[in-house]
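This report refers to the structure that appears directly beneath it.
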Amino acid sequence: MFLPRCLKEHDINMKVGWFLHTPFPSSEIYRTLPSRSELLRSVLCADLVGFHTYDYARHFVSACTRILGLEGTPEGVEDQGKLTRVAAFPIGIDSDRFKRALDIDAAKRHVNELKQRFAGRKVMLGVDRLDMIKGIPQKILAFEKFLEENPEWIDKVVLLQIAVPTRTDVPEYQKLTSQVHEIVGRINGRFGTLSAVPIHHLDRSLDFHALCALYAVTDVALVTSLRDGMNLVSYEYVACQGSKKGVLILSEFAGAAQSLGAGAILVNPWNITEVADSIKHALTMTSDEREKRHRHNYAHVTTHTAQDWAETFVCELNDTVAEALMRTRQVPPDLPSRTAIQQYLQSKNRLLILGFNSTLTEPVESSGRRGGDQIKEMELKLHPDLKGPLRALCEDESTTVIVLSGSDRSVLDENFGEFNLWLAAEHGMFLRPTDGEWMTTMPEHLNMDWVDSVKHVFEYFTERTPRSHFEHRETSFVWNYKYADVEFGRLQARDMLQHLWTGPISNAAVDVVQGSRSVEVRSVGVTKGAAIDRILGEIVHSKSMVTPIDYVLCIGHFLGKDEDIYVFFDPEYPSEPKVKPDGASVSVDRRQNGRPSNGRSNSRNSQARIQKPQVAPPPPERSSSSSDHSTANNNSHHDWREGSSVLDLNGDNYFSCAVGRKRSNARYLLNSSEDVVSFLKEMAESTTPRAGGLPPGAAADYMFLDRQ
């Protein structure tokens, strides 16, 4: 399981397919492994992961979802845009080899000898490794039960059990051997005669031609595995039954049951009575039914061969890699740190817009647990290594820093109160410099009548979904089920959406924004992109900014709905007007049925819809503890369009960067908050050489040469 990671580390472009020939356990069993997370992540390094049956594939995806917290899809497992394909590929045998073997003289002699040896008796056959999972004791006990209930068959049927020894030096296997011998001896002593015994047990393997001959003369094959990846003995038996057309009794716990289940008699080997009844059914089955069952299985075995399995797996691997390359081309490239810092140093008026959650927050050690430490993760804290770099950037008079977050105002106050920057809470609906008071940028017309009814729905589902929680903000509600059981949380989220659409928000002007493990209800037009122009206008007016902003860096782990902020600044985005500052004129995106958009539409399309003002924008409302301050603010009717008018951007001095989201409208990508920390450290350090009188470009070169 660890090999795919080693191969990818050796050559990232190597095509890696990983196939498991044994059952993959359910997540409840697998999660007991101490190294569960490391092994799963190593397997996920492969491009294609294959199993014999859909059940095993489902168990693997469930383990990745429940243990690693990743997203399971119909195609496989998705991790930050990288998709590992997971599929079922039932293996087969070389059926022609078995059919050819029966035409050889040695095999024909064996067939004749066996027919003479067991003339007048029905032959039942079991071929297994002497292993606990093969269910040999259960098989023999079921045969004993059959003889007890059907004494007329005592001299008319014989069970040939081939038990190939394995791991003979292991005590558990030695104990199993003794147990089987004891049961066989007891049954033969009970039902045997001087001339015949009901069970012939061999503790050895047979040569290939003798085995094929045994398959050919058998009337009923009995496979009672307690757990088996596939069990190809059933395939081999069917391939050799071209003339006899015998019956196959197959354990439902063998992988082959999903392939041969239609033609075989499926049994639960733990149910001795059921297996005994199936033996009687098989021995008394009409020739017409036997032929129908055999025809179905024979067609499957002869078409789904080992060669066909190999070709299918390799073709699927090639197709998967090709599709992955197409997806990779859509993933933004890594942020070019050197270029971004050089442009920063050469600019005269810079704007840094930083998200908070999963961007500037400190990582929480999860110790391999899915979902991590809920209490610590819910308490958002600024990364301790960022305090120095952030303070250095904020103290630069030519740099304006905005922390733009969906979090509540109190969270931003607690983490950034000591820095000289601007805070924009609840997706930009509230704004303040850290040395000033909070003001609102919300449009006056914003309708919040839906709040109480939505709150009741969120409370209802929070009570009924263990480890879920919801946040009540002034302009939105967020229900988070990251720490709940993945499958149950997903079902509850689906149920919640149905409740919302049919009741509280059926006619309300709201957007429903779905995250990977969250549901958010917010007023229409409450997005970071819609708010940023109003925020810029306030900052330009407050700082009496005259010099054009000739550098913008926007970094964040934003939901798709909020990625319109990237488009707002992008000077090369085709035929899109800048976001207009008023919120009063935001049009409501309604579907044909009259419902507002659910927030899952493409953010660029959403951007186009909210950029068409109908009326002149009103001045913002301000909330302040000082009445004089409020009066002064209300008298300052500055033009909100000052924000977008002060921008002087081109393709070289604008850097938008998504954090950990490989499907993004951003130009560039940083993989984690640790990468954000490293980049901002470099940016802060790069400003130091300028004090020594070096020109901006030389300062950047100086820094990188020094690091080299």
Side-chain angles (χ1 to χ4, degrees), residues 1-27 30 39-65 67-68 70-97 228-232 234-235 238-239 254-262 296-297 299-331 662-663:
M1 292 181 76
F2 203 70
L3 184 58
R5 168 171 287 178
C6 299
L7 294 174
K8 284 293 188 179
E9 289 175 352
H10 173 71
D11 182 0
I12 189 64
N13 296 317
M14 182 184 294
K15 297 178 183 178
V16 178
W18 188 83
F19 190 90
L20 184 65
H21 285 272
T22 57
F24 193 91
S26 71
S27 59
Y30 180 82
L39 292 177
L40 284 179
R41 291 197 179 278
S42 299
V43 172
L44 290 175
C45 289
D47 300 292
L48 175 64
V49 176
F51 300 92
H52 281 309
T53 71
Y54 173 72
D55 283 346
Y56 307 155
R58 179 169 51 83
H59 288 165
F60 176 78
V61 173
S62 176
C64 293
T65 302
I67 296 171
L68 300 181
L70 302 180
E71 191 70 26
T73 70
E75 291 78 27
V77 179
E78 186 171 349
D79 182 11
Q80 296 296 336
K82 179 190 180 298
L83 178 68
T84 298
R85 180 102 164 82
V86 180
F89 303 91
I91 201 170
I93 62 172
D94 184 0
S95 56
D96 289 337
R97 177 171 175 248
D228 223 342
M230 196 64 181
N231 194 293
L232 296 179
S234 54
Y235 278 62
V238 171
Q258 294 198 13
S259 304
L260 304 180
H296 186 281
N297 285 347
H300 181 88
V301 169
T302 53
T303 54
H304 295 78
T305 63
Q307 186 64 32
D308 179 67
W309 167 82
E311 291 175 357
T312 302
F313 187 82
V314 172
C315 288
E316 188 70 29
L317 175 59
N318 289 329
D319 291 344
T320 299
V321 171
E323 292 172 7
L325 288 175
M326 293 179 65
R327 282 195 300 271
T328 302
R329 293 191 187 102
Q330 301 170 359
V331 174
K662 296 187 177 180
R663 294 180 181 177

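Computed from a predicted structure; not experimentally measured. Positions are given from 1 along the sequence.
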* To do: Would you indicate whether the side-chain heavy atoms of V77 and V86 approach each other to under 4.5 Å?
  => yes
* Structure fact -> dist Q307:CD -> S95:OG (nearest 0.5 Å) comes out at 11.5 Å
* Under the side chain to side chain contact (heavy atoms under 4.5 Å, CB included) criterion, do H52 and S259 qualify, and how do the steps go? -> CA-CA 10 Å; H52 281 309; S259 304; over 6 Å; no
* To do: Anything under 30° is parallel, anything over 60° is perpendicular, the rest tilted; go ahead and classify H304 against H300.
  => parallel
* Asked: Atom CG in D55, atom OG in S26: separation rounded to 0.5 Å?
  -> 11.0 Å
* If you look at every heavy atom in K8 and M14, which pair is closest and at what distance? -> NZ-O, 2.7 Å
* **Qualifying salt bridge (charged side-chain N to carboxylate O under 4.0 Å, His left out) pairs, either residue in residues 81-97, two or more places apart** => R85-E316, D96-K99
* To do: Taking all non-hydrogen atoms of both residues into account, name the closest pair between A88 and T53 and its distance.
  => CB-C, 3.6 Å
* Structure fact -> Heavy atoms of N318 and K15 approach each other most closely as OD1-NZ, 3.0 Å
* To do: Evaluate the side chain to side chain contact (heavy atoms under 4.5 Å, CB included) criterion for residues D79 and L44: first the C-alpha distance (whole Å), next the side-chain angles of each, then the deciding distance (0.1 Å), finally the verdict.
  => CA-CA 9 Å; D79 182 11; L44 290 175; 5.8 Å; no
* **Closest heavy-atom pair and its distance - V16, L317** => O-CD1, 3.6 Å
* **CD1-CG distance between I67 and L39, expressed to the nearest 0.5 angstrom** => 10.0 Å
* Does the ring centre of F313 sit less than 6.0 Å away from the ring centre of W18? -> no
* When you look at I93 and T305, which way does the side chain to side chain contact (heavy atoms under 4.5 Å, CB included) test go after all the steps? -> CA-CA 5 Å; I93 62 172; T305 63; over 6 Å; no
* **Atom pair CD1/NE2 of I91 and H21 - distance to nearest 0.5 Å** => 4.5 Å
* Residue pair F89 / G50: nearest heavy atoms and the distance that separates them -> CD1-CA, 3.9 Å
* Asked: Hey, what do you get for OH (Y235) to CG (N297), rounding to the nearest 0.5 Å?
  -> 9.0 Å
* For ring-ring contact (aromatic ring centres under 6.0 Å, His included), just list the numbers for F51 and F60, CA-CA rounded to whole Å, side-chain angles, deciding distance to a tenth of an Å, and then say yes or no. => CA-CA 9 Å; F51 300 92; F60 176 78; 5.5 Å; yes
* Do you know the tightest heavy-atom contact between W309 and P90? -> CD1-O, 3.6 Å
